[in-house]
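Note sheet for the following structure.
Numbers restart at 1 for each chain; the letters A, B, ... are given by sequence-line order, proteins then strands.
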Number of protein chains: 2
Amino acid sequence: MGFMIAQRAFIKLYMITLVEKHRGYGYQMLEELKQDFKALGYEPPQSEIYRSLHDLVEDGILYRTRHRKLDVDYQEVIMYHFTDDGMEKARLYKKLVKEDLDRCQALLHKAVKDNF
Amino acid sequence: MGFMIAQRAFIKLYMITLVEKHRGYGYQMLEELKQDFKALGYEPPQSEIYRSLHDLVEDGILYRTRHRKLDVDYQEVIMYHFTDDGMEKARLYKKLVKEDLDRCQALLHKAVKDNF
DNA sequence: TTATGAACAGACTGTTCATCG
DNA sequence: CGATGAACAGTCTGTTCATAA
């Protein structure tokens, strides 16, 4: 494990939550997160979104289905869903990430206290 | 700039503060930080301490002097001090790092709020 | 343009190795 | 062992390129 939480873990966490909320495919999640983080000056890179989703499939948490959007020109999209034991695995993963987030917050808080 | 604050910047910040407090040389600072962070489960790696000090010298913030300890066997140590404009440069650097720390804290706080 | 993916290059960093008294 | 430094290897990640409808 690294010093600070990795961007990958951070985004995987959001991907899980978005799939829980039935927000479906990569590009949409990317745009949603971009909008969501705009105020904080953070723009999640496209590649990290897809890499995170691929990771979660490799982890056995999500699986993919192909769909065609009905609106414009039947653009193909990849939707993500929990596997049979995906929710349980996701719960464990989120627990780990939560611990990491807490650890990082403690480090940052200490750094501010010690140096300012 | 990366997603989270780099360990390097984090440690450089501490190095500056320790030099402000006239705590002198690398190994000593390493041991002090190790002790200091033990409770948080973080052990700053030796290499990062020296790399950070070398960075600060390259940045023109610190300069080095050689000394021999009088206690045991005249072990040579490298002491660090602010250059003429080092304190001013350090002030600017610390300001940048503070902004980065704040940004990271905001991201972590949002992640906890959004996903838990 | 929307949507997905991969390749590439560079930064960051943990471990190990080297040196010296 | 105390003290400093560098090398190496692997991971992480931002940018760019590719492809397709």
Side-chain angles (χ1 to χ4, degrees), chain A residues 1-13 15 18 23-35 37 41-58 62-80 97 100 104 107, chain B residues 1-13 15 18 23-35 37 41-58 62-80 97 100 104 107:
Chain A
M1 200 190 309
F3 164 64
M4 281 280 126
I5 189 169
Q7 186 175 203
R8 186 75 49 84
F10 188 91
I11 291 180
K12 282 172 79 172
L13 176 65
M15 295 297 103
L18 287 172
R23 307 282 170 71
Y25 60 100
Y27 193 87
Q28 205 176 29
M29 302 196 220
L30 172 63
E31 293 304 317
E32 187 169 337
L33 288 191
K34 269 188 188 173
Q35 198 57 35
F37 281 105
Y42 168 58
E43 180 166 321
Q46 175 252 74
S47 54
E48 282 301 313
I49 300 290
Y50 290 113
R51 276 194 279 240
S52 296
L53 288 169
H54 300 165
D55 269 15
L56 288 168
V57 171
E58 265 194 40
L62 301 181
Y63 72 94
R64 306 151 43 104
T65 57
R66 293 164 184 278
H67 293 268
R68 292 199 173 276
K69 286 170 70 177
L70 298 174
D71 51 1
V72 190
D73 52 358
Y74 295 92
Q75 172 92 45
E76 191 176 78
V77 296
I78 310 279
M79 303 284 291
Y80 289 88
V97 177
D100 209 17
C104 292
L107 283 178
Chain B
M1 199 192 308
F3 163 64
M4 281 281 126
I5 189 170
Q7 187 175 202
R8 187 76 48 83
F10 187 89
I11 291 181
K12 282 171 77 172
L13 175 65
M15 295 297 102
L18 286 172
R23 307 282 170 72
Y25 60 98
Y27 193 86
Q28 204 175 31
M29 302 195 220
L30 172 63
E31 293 303 317
E32 187 168 336
L33 288 191
K34 269 187 187 174
Q35 198 57 35
F37 281 106
Y42 168 58
E43 179 165 321
Q46 175 251 75
S47 54
E48 282 301 313
I49 300 289
Y50 290 114
R51 276 194 279 238
S52 296
L53 287 169
H54 300 165
D55 269 16
L56 288 167
V57 170
E58 267 194 39
L62 301 182
Y63 70 95
R64 305 151 44 105
T65 56
R66 294 165 183 278
H67 293 268
R68 292 199 173 276
K69 285 171 68 179
L70 300 174
D71 51 0
V72 190
D73 51 358
Y74 294 93
Q75 172 92 44
E76 192 177 78
V77 295
I78 311 279
M79 303 285 290
Y80 289 87
V97 176
D100 209 17
C104 292
L107 283 178

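- Whole-Å rounding puts the B/Ile5 CD1 to D/dT13 P distance at 15 Å.
- Across every non-hydrogen atom of A/Ile5 and A/Cys104, the tightest pair is N-SG, 3.3 Å.
- When the side-chain nitrogen and oxygen atoms of A/Tyr27 are compared with OP1 and OP2 of C/dT4, none of them lie within a distance under 4.0 Å.
- For the pair B/Glu31/B/Gln28, no side-chain contact is recorded, criterion being any heavy-atom separation below 4.5 Å from C-beta on.
- Side-chain N/O atoms of B/Arg68 and base N/O atoms of C/dG21 include no donor-acceptor pair closer than 3.5 Å.
- In this structure, A/Gly26 and A/Gly2 both approach DNA chain C, and ranking their closest nucleotides by distance from the 5' end singles out A/Gly26.
- Looking at the side chain of B/Tyr80, the nearest of the listed nucleotides D/dA6, D/dT15, D/dG5 is D/dG5.
- Remark: P of C/dA6 and CD1 of A/Ile78 are 11 Å apart, rounded to the nearest angstrom.
- Within the nucleic acid shown, B/Gln28 has no heavy atom closer than 4.0 Å to any nucleic acid atom.
- With D/dT15, C/dT4, D/dA3 as the choices, the nucleotide that has an atom nearest any side-chain atom of A/Pro45 turns out to be D/dT15.
- For the pair A/Gln46 and D/dT13, the criterion of a side-chain N or O lying under 4.0 Å from OP1 or OP2 is not met.
- Using cut-offs of 30° and 60° for the angle between ring planes, the A/Phe10 and A/Phe37 rings count as tilted.
- Taken from OH in B/Tyr27 to CD in B/Glu32, the straight-line distance is 14.0 Å, to the nearest 0.5 Å.
- In this structure, the side chains of B/Arg8 and B/Glu48 come closer than 4.5 Å at one or more pairs of heavy atoms.
- Between the CZ atom of A/Arg64 and the C1' atom of C/dT4 there is a distance of 9 Å, given to the nearest Å.
- Counting to the nearest Å, the C1' atom of C/dC12 and the CZ atom of B/Phe10 are 16 Å from each other.
- The CD1-C1' distance, from B/Ile49 to C/dT13, rounds to 13 Å in whole Å.
- Rounded to an integer number of Å, the gap from A/His67 NE2 to C/dT4 P is 12 Å.
- The A/His54 side chain lies nearest to C/dA6 when the options are C/dT15, C/dA6, C/dA3.
- The nucleotide whose nearest atom lies closest to any side-chain atom of B/Gln75 is, among D/dT4, C/dG21, C/dT15, C/dG21.
- Checking C/dT13, D/dA6, D/dT4 against every side-chain atom of B/Tyr50, the shortest atom distance belongs to D/dT4.
- Going from atom NZ of A/Lys12 over to atom P of D/dT13 covers 11 Å, rounded to whole Å.
- Side-chain proximity of B/Glu48 to the nucleotides C/dG14, C/dT4, D/dG14 is greatest for C/dG14.
- Using a 4.5 Å heavy-atom threshold, the side chains of B/Leu18 and B/Tyr80 count as separate.
- Comparing D/dG5, C/dG14, D/dT13 by their closest approach to the side chain of A/Arg51 singles out D/dT13.
- Residue-level contact check: B/Arg66 touches neither bases nor backbone, having no heavy atom under 4.0 Å from any strand.
- Relative to the side chain of B/Tyr25, the nucleotides D/dA3, C/dT15, C/dA6 differ in distance, and D/dA3 lies closest.
- For A/Glu76 and A/Ala6, each mapped to the nucleotide of DNA chain D holding its nearest heavy atom, the one lying further toward the 5' end belongs to A/Ala6.
- A straight line from CZ of A/Phe3 to P of D/dC12 spans 16 Å, rounded to a whole angstrom.
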